[in-house]
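See below for the structure under consideration.
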Amino acid sequence: MVNEEVVVAGGGPVGLMLAAELRLAGVSVTVLEREPAPRSLPMVRGIHARTLETLECRGLLEEFRSRGRTQNRAHYAGMWLLDLTDLPTRHAYSLGIEQGHVIDILSRRAEGLGARILPGHEVSSVVQDDHGVTAGVNGPGGSHSLRCRFLIGCDGGRSLVRSQAGIGFPGSAPSVTGLIAAATVSPPDALPTGWHRLSGGVLVNGGGPSALADHTIGTFEFDRTPTDRGVAPTADEVRHSIRRVTGSEVTIDVLHWIIRFTDNTRQADRYRLGRVLVAGDAAHVHFPAGGQGLNLGLQDAVNLGWKLAAVVRGHATTELLDTYHRERHPVAARVLDNTRAQIQLMRPGHDTDTLRDVVAALASTRQGGRRLAEQITGLDITCPVPTETPHPLVGRYVPHLTLGTAAQPTSPAELLRTGRFLLIDLADRGDRRALARRWGDRLTTVSATPPEEADHAADAILVRPDGYIAWATDTPENEPGSFSRALTTWAGPPGTP
Ligand SMILES: Cc1cc2nc3c(=O)[nH]c(=O)nc-3n(C[C@H](O)[C@H](O)[C@H](O)COP(=O)(O)OP(=O)(O)OC[C@H]3O[C@@H](n4cnc5c(N)ncnc54)[C@H](O)[C@@H]3O)c2cc1C
């Protein structure tokens, strides 16, 4: 017997975002989180432009902004050369926010929409058949099993769901060790603030232009890996690492928290195997260079949520779910590559100095800097949307547009808050609106005057719930066939008019 429509393993940011997306589409979802209470360290995470645009489309941006701090520059391998201010987005900045706030905002959102979140419940086994998935669960009341139609592993880099489902996780073994600690050291001025590439490695001392909070100290050591990654790091480990990297002897007076991480770089070879899917760190891990992992994971969740909901609600077949892998796997693969490149650029040594000089010169040009900034911020992400009516907007993220409507001006971001498809009719076409009504249970239609900001003429734009443009036209004679076929591809067959 199937108890649940969807079970999400892992109540980290990605699992919570996915749960909220599924609830927005009316699917019942239970989140099983191993930890009895949020365990998140007060580490600052950088949220970049494409994710900020996505959060705006769900009405979450203001709350994120109110708890974070904006920054106009980003770094590439510790070179703070990327000017974010002229990026082609309304959100030309990055936002530093503690992961605890991210989890708090997203768990309140998911619960507010009706998701069931069960802390202290660890998924211990996963078995699937043609009709559903059975998850073994260890909870406060003992062990039991839960049956669901789909199980999503959002259970982090060491995902049990991924390994139990038999999804491969190929990649490269770690060669770099990073330590970050919130600590008081003495003597207090022993270490310079900011980012420093030194002969023994990299020192990141909060207080400079870094994504770390004040009072945090980080080291990256190359060609050195922890003997046992399962053993918790200690104050002594930080002290020794600081000495090796900087040559300075310090004493750790107070240690608030400490984490160790590596450049273990791996990616799930498939994001779906039958009824089990993976998202976030469960699907990809890499060195946290440029602050991209959480951004990737939140965007995975928004790409997957509406697709899975369409399948669960019977509008679409599992073929739609395969577009999740097709669209998101290459995006993460590029991030893995750019973090590998950044590691090479951070290594000590003269050869790296010369390489950095070349990259710094390129990054200092407007075009070169913008290219790297668009990569780190995710603004260069497009979706390979098959289309029979090519239009420059198809596959791109919906731009900010002021839409003059009969009621009041609005924008795509406001209209996407419901998580439905969106048809923006800019040519007042009654026949198109009549056709659109056949998908009225999944589609919002708005008639608007053509906006001044539009950089491509369009009569109509069809936007997917995740903000990517599925269809657009400036040649009405292509309709109605191509419009209804695009809707059928992404939203499924029409309902009752
Ligand atoms: C030093 C550092 C700095 C970083 N900075 C940034 C940054 O600036 N920007 C950025 O975008 N990213 C950053 N990242 C990456 C980011 O933290 C991760 O990508 C993000 O936390 C992934 O979220 P997640 O929900 O996929 O996984 P996690 O945050 O790992 O959450 C997984 C959850 O699953 C739970 N779980 C695990 N196993 C089970 C189980 N069997 N059953 C039930 N629950 C389970 C865990 O308890 C956890 O709550 C950084 C990472 C590090 C290490």
Side-chain angles (χ1 to χ4, degrees), residues 7-19 30-52 68 71 74-75 94-100 102-103 106-107 117-126 135-139 146 151-164 176-182 204 210-213 216-220 233 257-264 268 278-301 304 332 335-336 339 376-378:
V7 168
V8 173
V14 176
L16 294 168
M17 187 78 188
L18 177 60
T30 296
V31 179
L32 303 172
E33 166 54 47
R34 179 176 60 191
E35 301 297 329
R39 204 173 47 105
S40 162
L41 307 169
M43 278 276 299
V44 174
R45 300 287 190 248
I47 309 269
H48 298 304
R50 177 53 45 82
T51 311
L52 296 169
Q71 192 160 280
H75 76 90
S94 74
L95 184 75
I97 179 169
E98 284 183 11
Q99 179 128 335
V102 174
I103 289 177
L106 295 178
S107 48
I117 301 177
L118 301 179
H121 287 71
E122 178 180 27
V123 175
S124 55
S125 64
V126 176
V137 183
N138 295 329
L146 200 58
L151 175 72
I152 320 301
C154 297
D155 48 344
R158 296 179 187 184
S159 170
L160 176 127
V161 172
R162 184 189 63 227
S163 56
Q164 292 257 317
V176 180
T177 300
L179 284 170
I180 292 183
V204 188
S210 92
L212 302 184
T216 52
I217 298 169
T219 56
F220 308 160
W257 52 260
I258 178 172
I259 57 164
R260 190 199 298 117
F261 50 95
T262 71
D263 62 334
N264 188 32
V278 287
D281 278 17
H284 36 71
V285 292
H286 54 83
F287 196 70
Q292 302 171 85
L294 173 61
N295 287 269
L296 265 181
L298 293 177
Q299 290 172 43
D300 287 348
L304 175 59
V335 171
L336 265 55
T339 59
I376 295 288
T377 57

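Atoms within a ligand are numbered from 1 in the order they appear, just like the ligands themselves. FYI, the numbering just counts along the sequence from 1.
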If we only count heavy atoms from C-beta on, is the L106 to L298 side-chain gap below 4.5 Å?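 In short, these two side chains touch, coming nearer than 4.5 Å.
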Which is it for [X] and ligand 1 at heavy atoms under 4.0 Å: side chain, backbone, both or neither?
X: H48; result: neither
X: D155; result: both
X: C154; result: backbone
X: I180; result: side chain
X: I259; result: side chain

Atoms of ligand 1 close to [X] [distance to a heavy atom under 4.0 angstrom, numbered from 1]:
X: G280; result: 26 (O)
X: F261; result: 1 (C)
X: H121; result: 43 (C)
X: N295; result: 9 (N), 10 (C), 11 (O)
X: E35; result: 47 (O)
X: Q99; result: 17 (O), 21 (O), 29 (O)

Judging by distance only, is a nitrogen or oxygen of V14 under 3.5 angstrom from one on ligand 1?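 N/O-N/O distance below 3.5 Å exists for this pair.
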Heavy atoms only: which of [options] lies closest to [atom]?
atom: atom 11 (O) of ligand 1; options: T262, D281, L294; value: L294
atom: atom 50 (C) of ligand 1; options: P288, A301, G297; value: P288
atom: atom 35 (C) of ligand 1; options: Q299, E33, R34, H284; value: E33

Using the side chain to side chain donor-acceptor pair (under 3.5 Å) rule, take T51 and Q299 through it: C-alpha gap first, then chi angles, then the decisive distance, then the call. CA-CA 7 Å; T51 311; Q299 290 172 43; 2.9 Å; yes
Parallel under 30°, tilted from 30 to 60°, perpendicular over 60°: which one fits the rings of F220 and F261?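 The rings of F220 and F261 stand perpendicular, inter-plane angle above 60°.
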